[in-house]
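In this text the structure is predicted, and so the values were computed from the model without any measurement. Scope of the values below: all heavy atoms of this structure, side chains included, with no hydrogens, waters or symmetry mates. So you know, we letter chains A, B, ... as the sequences are listed, proteins then strands, and number each from 1.
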Amino acid sequence: MPELPEAETIARQLRDEVLGKTIVRVRAFEARCVRTHGSTREFEQACRGSLITEIRRRGKQIVLTLDASRSLVVRLGMSGRLLVGNPRDARPQHAHIVFSLSSGLELRYIDPRTFGHLSVRSGTELSRLPGFEKLGPEPLSDDLDERELRRRLSRTRSILAVALMNQRIVAGIGKIYSDEICFHARLNPLMPAHSVSLLQARRLLAAMRRVLESAIEHRGTTAADGSYVDLYGRPGGYQKFLAAYQRAGEPCLRCSTSIARVALSNGRGIHFCPKCQRFP
DNA sequence: AGTTGGACCTGACTGC
DNA sequence: TGCAGTCAGGTCCAAC
């Protein structure tokens with residue numbers, strides 16, 4: 001499932017493939033994937049003929065600037081993929097939106113579960129786009145230091161794992177990297193977020209940067225379900241380095257204790273080492 | 001207002 | 001073998 005490193009990987013590849021190209025044709029086949037628009041037709045018209053002038057990432061979202069005046073926001077949800085392909089290929093299954101580009105290539109949005117969606121918004125200032133206003137700081141930017149992280153965590157009653165996945169507290173972290181960051185920071189993901197000390201916030205921030213930067217270097221994580229692939233359809237490489245996520249019952253890489261899985265009230269699992277991430 | 005939990009959705013997997 | 005049931009989780013929204 002695409003989190004910050006996966007979105008960053010795709011954004012970087014999009015800069016190579018589609019930046020400076022014009023969208024000559026758009027076909028949207030699934031209204032759910034453009035649900036912020038009145039119709040698939042309206043979405044197609046909003047994109048058609050536009051020059052892609054800039055490509056950015058904010059949190060888990062990818063933003064393509066159109067004609068230096070509008071923003072095409074891509075939210076991949078759980079199973080969304082962006083893939084470049086040859087127009088001679090048959091349309092892949094679940095390819096709900098197909099952009100034909102002036103380069104001759106196609107950019108396809110594929111999403112079996114249709115949790116993700118695309119939308120065109122007016123304006124290019126990210127902080128003013130709908131859904132972006134309340135997004136927390138980027139963990140890899142200077143906007144976030146240990147004091148700011150601690151301050152943000154101190155204002156919630158949630159447990160640490162839930163707070164890290166709260167996009168209003170920090171942008172871009174989901175289940176995989178929440179588990180990994182807590183492991184590397186040696187913090188128990190079930191501890192109350194508001195009790196994180198300044199020293200612990202420092203460890204958390206260091207782990208955040210190390211994990212996310214390394215995951216970007218390896219082009220993201222393709223977990224067992226194989227749902228994430230990059231723009232060229234290749235799986236990521238960071239799954240080889242996972243220390244906690246989906247390793248329940250396997251030995252901790254530090255102390256060999258069996259990795260635990262605790263289900264949150266919504267049934268979702270949190271993975272951690274009960275020994276080296278002991279409750280404080 | 002902050003937090004929780006169900007709904008959305010389908011492919012992959014499990015068990016009978 | 002086949003089919004029903006379960007799991008996966010990002011985000012929205014309703015209800016505490």
Side-chain angles (χ1 to χ4, degrees), chain A residues 1-10 29-37 57-63 73-83 92-97 109-119 121 129-136 139 151-182 189-195 212 215 220-229 233 235-236 238-239 242 244-249 259 261-272:
Chain A
M1 48 297 331
E3 304 178 28
L4 186 155
E6 291 75 30
E8 178 65 26
T9 300
I10 293 169
F29 302 98
E30 172 57 63
R32 231 183 102 72
C33 294
V34 292
R35 52 188 175 267
T36 58
H37 292 263
R57 176 196 58 77
R58 177 79 170 97
K60 302 172 185 175
Q61 290 147 118
I62 299 163
V63 183
V73 178
V74 182
R75 197 172 234 171
L76 295 167
M78 284 293 298
S79 57
R81 298 175 171 186
L82 280 175
L83 290 171
Q93 200 184 6
H94 306 299
H96 301 311
I97 303 173
Y109 179 70
I110 292 159
D111 191 353
R113 293 163 76 175
T114 64
F115 280 17
H117 62 99
L118 280 67
S119 54
R121 310 287 195 180
L129 296 177
F132 286 66
E133 309 99 326
K134 292 178 177 168
L135 226 41
R151 194 182 66 83
R152 290 179 159 270
L153 293 174
S154 72
R155 291 176 175 181
T156 177
R157 278 201 252 285
S158 311
I159 61 169
L160 181 57
V162 169
L164 289 175
M165 289 188 281
N166 183 339
Q167 303 302 298
R168 292 181 176 209
I169 295 178
V170 185
I173 296 169
K175 275 209 45 60
I176 297 174
Y177 297 108
S178 166
D179 280 351
E180 295 306 302
I181 289 164
C182 289
L190 304 175
M191 75 183 282
H194 61 75
S195 70
L212 295 174
T221 302
T222 300
D225 67 359
S227 64
Y228 162 75
V229 291
Y238 192 70
Q239 60 278 6
L242 293 177
Y245 178 73
Q246 284 188 348
R247 291 195 67 245
I259 296 291
R261 179 185 190 275
V262 171
L264 294 180
S265 53
N266 58 14
R268 283 156 206 190
I270 294 177
H271 311 81
F272 63 100

Report summary line: By ring-ring contact (aromatic ring centres under 6.0 Å, His included), A/H271 pairs with (sequence neighbours left out) A/Y245
Query raised in the report: Angle, rounded to 10°, between the helical axes spanning five pairs at each terminus of the helix from B/dG2-C/dC16 to B/dC16-C/dG2?
Result: 50°
Query raised in the report: Has the side chain of A/T222 got a donor or acceptor atom that lies under 3.5 Å from a matching backbone atom of A/V229?
Result: no
Report summary line: Note: for A/S158 and A/P112 on DNA chain B, the residue whose nearest nucleotide lies more 5' is A/S158
**Report entry** Residues forming a salt bridge (charged side-chain N to carboxylate O under 4.0 Å, His left out) with A/R57, sequence neighbours excluded
**Finding:** A/E8, A/E138
**Report entry** Contacts of type salt bridge (charged side-chain N to carboxylate O under 4.0 Å, His left out), residue A/R247, not counting sequence neighbours
**Finding:** A/E250
Query - Atom pair distance, as rounded to whole Å: CE in A/M165 and C1' in C/dT11 - result: 13 Å
Report task. Go through the structure and list residues passing side chain to side chain donor-acceptor pair (under 3.5 Å) with A/Y177, not counting sequence neighbours. Result -> A/E6, A/T221
Requested in this report: Check every strand shown and say whether A/S79 touches a base, only sugar-phosphate, or nothing at a heavy-atom separation below 4.0 Å.
Outcome: nothing
Query raised in the report: Who are the salt bridge (charged side-chain N to carboxylate O under 4.0 Å, His left out) partners of A/R152, not counting sequence neighbours?
Result: A/E148
Report summary line: Residues passing the side chain to side chain donor-acceptor pair (under 3.5 Å) test with A/S158, sequence neighbours excluded, are A/T156
Requested in this report: Kindly write out the residues that satisfy side chain to side chain donor-acceptor pair (under 3.5 Å) with A/R261, not counting sequence neighbours, or none if the list is empty.
Outcome: none
Query - Nucleotide interval of DNA chain B bounded by contacts with chain A (heavy-atom cut-off, under 4.0 Å) - result: B/dT3 to B/dG11
Requested in this report: State which residues pass side chain to side chain donor-acceptor pair (under 3.5 Å) with A/S79; sequence neighbours excluded, sorted by chain then number.
Outcome: A/D111
Requested in this report: Ignoring hydrogens and angles, tell me if any N or O in the side chain of A/R32 forms a donor-acceptor pair with the backbone of A/T114 under 3.5 Å.
Outcome: yes
Requested in this report: Provide, to the nearest angstrom, the distance between the CG atom belonging to A/L264 and the P atom belonging to C/dT11.
Outcome: 16 Å
Query - A/M165 backbone acceptor or donor facing A/Q167 side chain under 3.5 Å - result: yes
Query raised in the report: Taking atom CZ of A/R157 as the centre, does the number of heavy atoms from other residues, nucleotides or ligands within less than 6.0 Å exceed 12?
Result: no
Between the protein and nucleotides 12-14 of chain C, list every N/O to N/O distance that falls short of 3.5 Å.
| residue | atom | partner | partner atom | Å |
| --- | --- | --- | --- | --- |
| C/dC12 | OP1 | A/R75 | NH1 | 2.7 |

Query raised in the report: Out of A/H94, A/H96, A/M78, A/Q93, which one pairs with A/P112 under the side-chain contact (heavy atoms from CB on, under 4.5 Å) rule?
Result: A/H94
Please produce a list of atom pairs where a protein N or O lies less than 3.5 Å from an N or O of nucleotides 5-8 of chain C.
| residue | atom | partner | partner atom | Å |
| --- | --- | --- | --- | --- |
| C/dA8 | OP1 | A/R261 | NH2 | 2.8 |
| C/dA8 | OP2 | A/R261 | NH2 | 3.4 |
| C/dA8 | N1 | A/R113 | NH2 | 3.3 |
| C/dA8 | N3 | A/R113 | NH1 | 3.3 |
| C/dA8 | N3 | A/R113 | NH2 | 3.3 |

